[in-house]
*Asks:* 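I am attaching a structure below and will ask some questions about it afterwards.
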Amino acid sequence: MTNDTSQYELAQVNIGRLKHPLDSAELKDFVDGLDPVNAVADASDGFVWRLQTDSGNATDLRFFGDDTMLVNMSVWRDADALTAFMYQGLHRELLARRFEFFQRLTDPMSALWWIPAGHRPTVEEAEKRVLHLRAHGPTPHAFTLRTAFPAGTGE
């Protein structure tokens, strides 16, 4: 198998357990930031795709069948493109405030994995990657930004 990175894209999922209902005053800043953050993501260099429903985001989808667990999933050209987006502007500001909006959990709440270019991951696929990361730690099948693996090694 070749390691040509143009044949692969980086999928990412992150999940969070809400502290309050989405329509609460406590989550107003988070909810108000969704559309602007998504617009920046959509226009970012290296952005490929993000999970969304007719709402324009994924706030009506749940993870692990838990009504308090939100999911965010996207596909990027590579880890550099994802990282460049994550740590800039409004996304960075909201990320710094994440524990105002979401509970602190000890299990891994995000996972990365390489996918064939053009594939769009499902929530079920993402759930399996998160569970794999929790059970086995970072491997080519599911990893983190801190412990990444090269494209083409984790199918």
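Numbers for residues simply follow the sequence, beginning at 1.
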*Asks:* Checking side-chain polar atoms at under 3.5 Å, does W113 have a donor or acceptor matched by the opposite partner on E125?
*Replies:*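 On atom types as modelled, these side chains qualify, holding a pair under 3.5 Å.
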*Asks:* Taking atom CG of L10 and atom CG of L82, what is their separation to the nearest 0.5 Å?
*Replies:*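 These two atoms lie 6.5 Å from each other.
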*Asks:* Any chance you could measure R50, atom CZ, to N57, atom CG, to the nearest 0.5 Å?
*Replies:*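 Going from CZ on R50 over to CG on N57, the span is 7.0 Å.
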*Asks:* Is any side-chain N of the basic residue among D32 and K28 closer than 4.0 Å to the acidic one's carboxylate O?
*Replies:*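 K28 and D32: salt-bridged.
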*Asks:* Measuring from atom CE of M69 to atom CG of L105, what distance do you get when rounded to the nearest 0.5 angstrom?
*Replies:*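 Going from the CE atom of M69 to the CG atom of L105 covers 6.0 Å.
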*Asks:* Would the distance check show the side chain of R134 and the main-chain N or O of P108 forming a donor-acceptor pair, the cut-off being under 3.5 Å?
*Replies:*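 Yes.
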*Asks:* Nearest 0.5 angstrom please: R104 CZ to F99 CZ, how far?
*Replies:*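 One finds 4.5 Å between CZ of R104 and CZ of F99.
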*Asks:* Short question: side chain of R129, backbone of H141 - any donor-acceptor pair under 3.5 Å?
*Replies:*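 Yes, because the side chain of R129 sits within donor-acceptor range (under 3.5 Å) of the backbone of H141.
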*Asks:* What verdict does the side chain to side chain donor-acceptor pair (under 3.5 Å) test give for E100 and H20, after you've listed the backbone C-alpha separation in whole Å, the side-chain angles of each residue and the deciding distance to 0.1 Å?
*Replies:* CA-CA 10 Å; E100 291 178 39; H20 307 281; over 6 Å; no
*Asks:* Give me the ring orientation class for W76 and F85: parallel if the planes are under 30° apart, tilted from 30 to 60°, perpendicular past 60°.
*Replies:*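 Rings of W76 and F85: parallel, as their planes differ by under 30°.
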*Asks:* Measure from NZ or CZ of R17 to the centre of the six-membered ring of F102 and say whether it is under 6.0 Å with the direction within 45° of the ring axis.
*Replies:*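 Relative to the ring axis of F102, which defines the angle, R17 lies outside at least one limit.
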*Asks:* Using the ring of each side chain (for Trp, its six-membered ring), is W114 parallel, tilted or perpendicular to Y8, with breaks at 30° and 60°?
*Replies:*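 Answer is perpendicular, since the angle exceeds 60°.
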*Asks:* Go through the side-chain N and O atoms of Q52 and N38 and say whether any donor and acceptor fall under 3.5 Å apart.
*Replies:*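 Judged by distance alone, the side chains do not pair up.
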